[in-house]
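Below, read A as the first sequence line, B as the second, and so on, with proteins coming before strands; counting in each chain starts at 1. Just so it is clear, the model here is predicted, and its values are computed rather than measured.
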Amino acid sequence: MATKWSTTLIPTARQAPADAVVPSHQLMLRAGLIHKLGSGVYTYLPLGLRALQKAMQIVREEMDNAGGVEILMPTLQPIELWEQTGRREAYGDNLFVVKDRHGRIQALGPTHEEIITELCGAYIESYRDLPKTLYQIQTKFRDEFRPRFGVLRSREFQMKDAYSFHLNLDGPGGLSEAYDTIYAAYCRIFERCGVPYEIVEAEAGPIGGNASHEFMVPSPTGEDFILKSDKGNYAANVEKCEIGPRPQNLEADPTGDLEAVNTPDCPGIEDVCTFFKKQLKTKLKTQNMLKTLVCKAGDTWVIGVVRGDHDLNEAKLRQAAGLGSLEMADEKEARDAGFAIGFVGPHVAVGRDDVQLFVDPDAAQGGFWVTGANQVDHHVKHFNWTREVIAAGAKVTVADIRNALDGDPSPKEDGGILQMTKGIEVGHVFKLGDKYTKALKIEVADESNERVNPIMGCYGIGVNRILASAIEREGGSDDNGIIWPTSLAPYQVVITPIKYEGQAAQVADQLAAELEAKGVDVLIDDRDERPGVKFKDADLIGIPYRITLGDKALAEQSVELKARDGSNGPKGELVKIDAVVAQLVDALK
RNA sequence: CGGGGCGUAGCUCAGCUUGGUAGAGCGCCGCGUUUGGGACGCGGAGGCCGCAGGUUCAAAUCCUGUCGCCCCGACCA
């Protein structure tokens, strides 16, 4: 049955609440798709739910096509599982934790690797049971430090998460095969949803190599930074993006004698520059400073040096050091170990055999450098690599350890230049390896009856982000409101009688029934409102086609058909009543 | 968690500096006139001025605390 506007709940608004700052958020509120209950928590109203369900159904169909089987796992998860995999710690405050009446602690699932792995352990015993791909579409909870942009970063959201289990990485039934299959399914999903997307390489994790890709919808409101080569053959998240070869020169001559400068209370790069300008009346640019970051891996200190205006990429540093894990050092611990945090310079490595020193090519240069003096409240100027570090007996390794920037050379070494854009992450595929099966001690018997940990892949899609990005996309909205892709639109057609009575009401009901019989979702605006209000609302909620029933057209046995995207002209076209259903069904294919 | 800002009608906001009967526009209800792109007139409803203390004869307004929300930043499978 077609829905009558008067019976459903579509609270449209002329103005968006002041809270909303990005287009999709404002329009989802104004069009009555969602209602905010608290920070990062939203009710899906009828229109929003219908659009969400359309997206879910597309995801479901394509996951099924890709060989996935649907299950539904609990939101409430025993904290012990999270402790066993070390992720209670790793997830930290982002994990919602609740205590039940018996004092047992549970996590509200932000993702389900632990749970699916436990499930695998319960029922999958032999290589004969593999491979297996299971998925669910479910509400996830993350205690985001900063929810924002409406449903783009909320604390409670809909996610499709899939997990596959395998004995091997390669070959038939291997992880890579499932990965490629789901990768292809994702392409179909986003195509069907009508959202433009780009696939970028993402941080690979334990397996390394090409083990992770993100599906991004290009948008200025995206929170992820993507770099693309202008040659079109490379795209990566900034977390992962490699930079092509850059010249280095550690042997350059000093610019002067090393000189200490008293820089009280200036631990940061900006602080020092400001201090130089205000107190010393000397101009100092951030790119003339060396940023020296202290990281720790086990008993070894790993020090990364990048130019003051660059950002250290911890994953790159970890790889350069050949380590499995690495983190920024605890400040107190580092101080106790003799690092003047905030005032560290590369020459701190001199005479210490518990320190590995790495420098980014852009920082491995001659010229005028200011850096920490390895003494609180002091910096040095005229720092020189050869004199201060190499001749002093410390070893330094030059490596790509900083985040890529707009204009950097492409790692493909083909003269390509990296360009930075922003994107909304709507999907992520990831080869996990045996991280979880190992941590939870899940084993299956292989062909020779050896007990082995299966390897896993995980594959996520942010379903409500699909909706937001459909609105954020180029052409997803105009001054009048949303313009839905037909596949996601809550209704494909809205029938707008100028007055819902007499012949107009009859024709409206009849057309609605015929369209519904053909599988088209129809909304009838039966409200007693002025035509202008109905038109504005129809535009705002973004239904792809509007059939307008007015006296003049009806007198000619016709209706007006107007496409929301303007594709059949600003005024639409006149279509005979007995032809409009066929024409619409055709257009909606 | 650090910095900044905001909580007054369903929404957008004024009023606060200089304490003295709580306001506008939109929305809502009633009546009438209207009826092809967010109509008009008249009449109305609706607020513990986020909450709790304090100062004062008197607090939306000043002070303290607290909660909520937003923005920027650090952080982030």
Got A:Ile10 and A:Asp537 here, is their nearest side-chain heavy-atom distance under 4.5 Å? no
Check every strand shown and say whether [X] touches a base, only sugar-phosphate, or nothing at a heavy-atom separation below 4.0 Å.
X	result
A:Met159	base
A:Thr111	nothing
A:Asp539	base
A:Asp537	base
A:Arg87	nothing

Measuring only the [atom1] atom in each nucleotide, how far is [N] from [M]? A whole number of Å is fine.
N	M	atom1	result
B:C26	B:C51	P	28 Å
B:C13	B:U8	C1'	9 Å
B:C11	B:G36	P	32 Å
B:C67	B:G43	P	46 Å
B:A77	B:G15	C1'	49 Å
B:G25	B:U66	C1'	33 Å
B:U35	B:U61	P	50 Å
B:G23	B:C69	C1'	24 Å

Using whole Å, report how far [atom1] of [X] lies from [atom2] of [N].
X	N	atom1	atom2	answer
A:Glu144	B:C1	CD	P	15 Å
A:Glu89	B:A77	CD	C1'	15 Å
A:Arg142	B:C76	CZ	P	14 Å
A:Phe225	B:C75	CZ	P	12 Å
A:Glu239	B:C75	CD	P	10 Å
A:Lys36	B:G7	NZ	P	15 Å
A:Lys534	B:G37	NZ	P	13 Å
A:Asp528	B:C31	CG	P	12 Å

Answer with yes or no after comparing the ring centroid distance for A:His25 and A:Tyr42 against a 6.0 Å cut-off, counting only values under it. yes
Compute the ring centroids of A:Phe215 and A:Tyr183, then answer whether they are less than 6.0 Å apart. yes
Nucleotide paired to [N] in any strand shown, Watson-Crick or G-U, under 3.5 Å:
N	value
B:A14	none
B:A22	none
B:C1	B:G73
B:G7	B:C67
B:G43	B:C29

Please pick, from [options], the nucleotide with the shortest atom-to-atom distance to any side-chain atom of [X].
X	options	answer
A:Thr12	B:G38, B:A77, B:G36	B:G38
A:Glu560	B:A77, B:G38, B:G36	B:G36
A:Val533	B:A39, B:G37, B:G36	B:A39
A:Gln15	B:U12, B:A77, B:G37	B:U12
A:Phe145	B:A77, B:A74, B:A39	B:A74

So, under a plain 3.5 Å distance rule, would you say the side chain of A:Arg546 forms a donor-acceptor pair with the base of B:G37? yes
Donor-acceptor pair under 3.5 Å: do we get one between A:Arg14's side chain and the base of B:U12? no
Start with the C-alpha distance between A:Asp509 and A:Lys4, add both sets of side-chain angles, then the distance that settles side chain to side chain contact (heavy atoms under 4.5 Å, CB included), and finish with yes or no. CA-CA 10 Å; A:Asp509 291 347; A:Lys4 291 205 167 119; 4.1 Å; yes
At less than 4.0 Å, is any side-chain N or O atom of A:Arg148 found next to OP1 or OP2 of B:C71? Yes or no. no
B:C70 OP1/OP2 closer than 4.0 Å to side-chain N/O of A:Ser39: yes
Using the rule given for side chain to side chain contact (heavy atoms under 4.5 Å, CB included), can you reason through A:Arg402 versus A:Arg307, listing the C-alpha separation, both sets of side-chain angles and the distance that settles it, and then say yes or no? CA-CA 9 Å; A:Arg402 69 163 170 89; A:Arg307 226 167 64 183; over 6 Å; no
Once rounded to the nearest 0.5 Å, what's the spacing between atom CD of A:Glu201 and atom CD of A:Glu214? 10.5 Å
Partner of A:Ser6 by side-chain hydrogen bond (donor to acceptor under 3.5 Å, both in side chains), out of A:Asp528, A:Asp526, A:Asp525: A:Asp526
On RNA chain B, more 5' by nearest nucleotide between A:Arg527 and A:Asn94 is A:Arg527
Comparing A:Gly550 with A:Gly460, nearest RNA chain B nucleotide closer to 5' gives the residue A:Gly550
Polar side-chain atom of A:His310 near backbone of A:Gln287 as donor-acceptor pair, under 3.5 Å: no
Do side-chain atoms of A:Lys499 reach the backbone of A:Ala505 as a donor and acceptor pair under 3.5 angstrom? no
Relative to each other, are the rings of A:Tyr91 and A:Trp82 parallel, tilted or perpendicular (30° and 60° limits)? perpendicular
Residue-level proximity of residues 16-24 of chain A to RNA chain B when a heavy atom falls under 4.0 Å: A:Ala16, A:Pro17, A:Ala18, A:Asp19, A:Val21
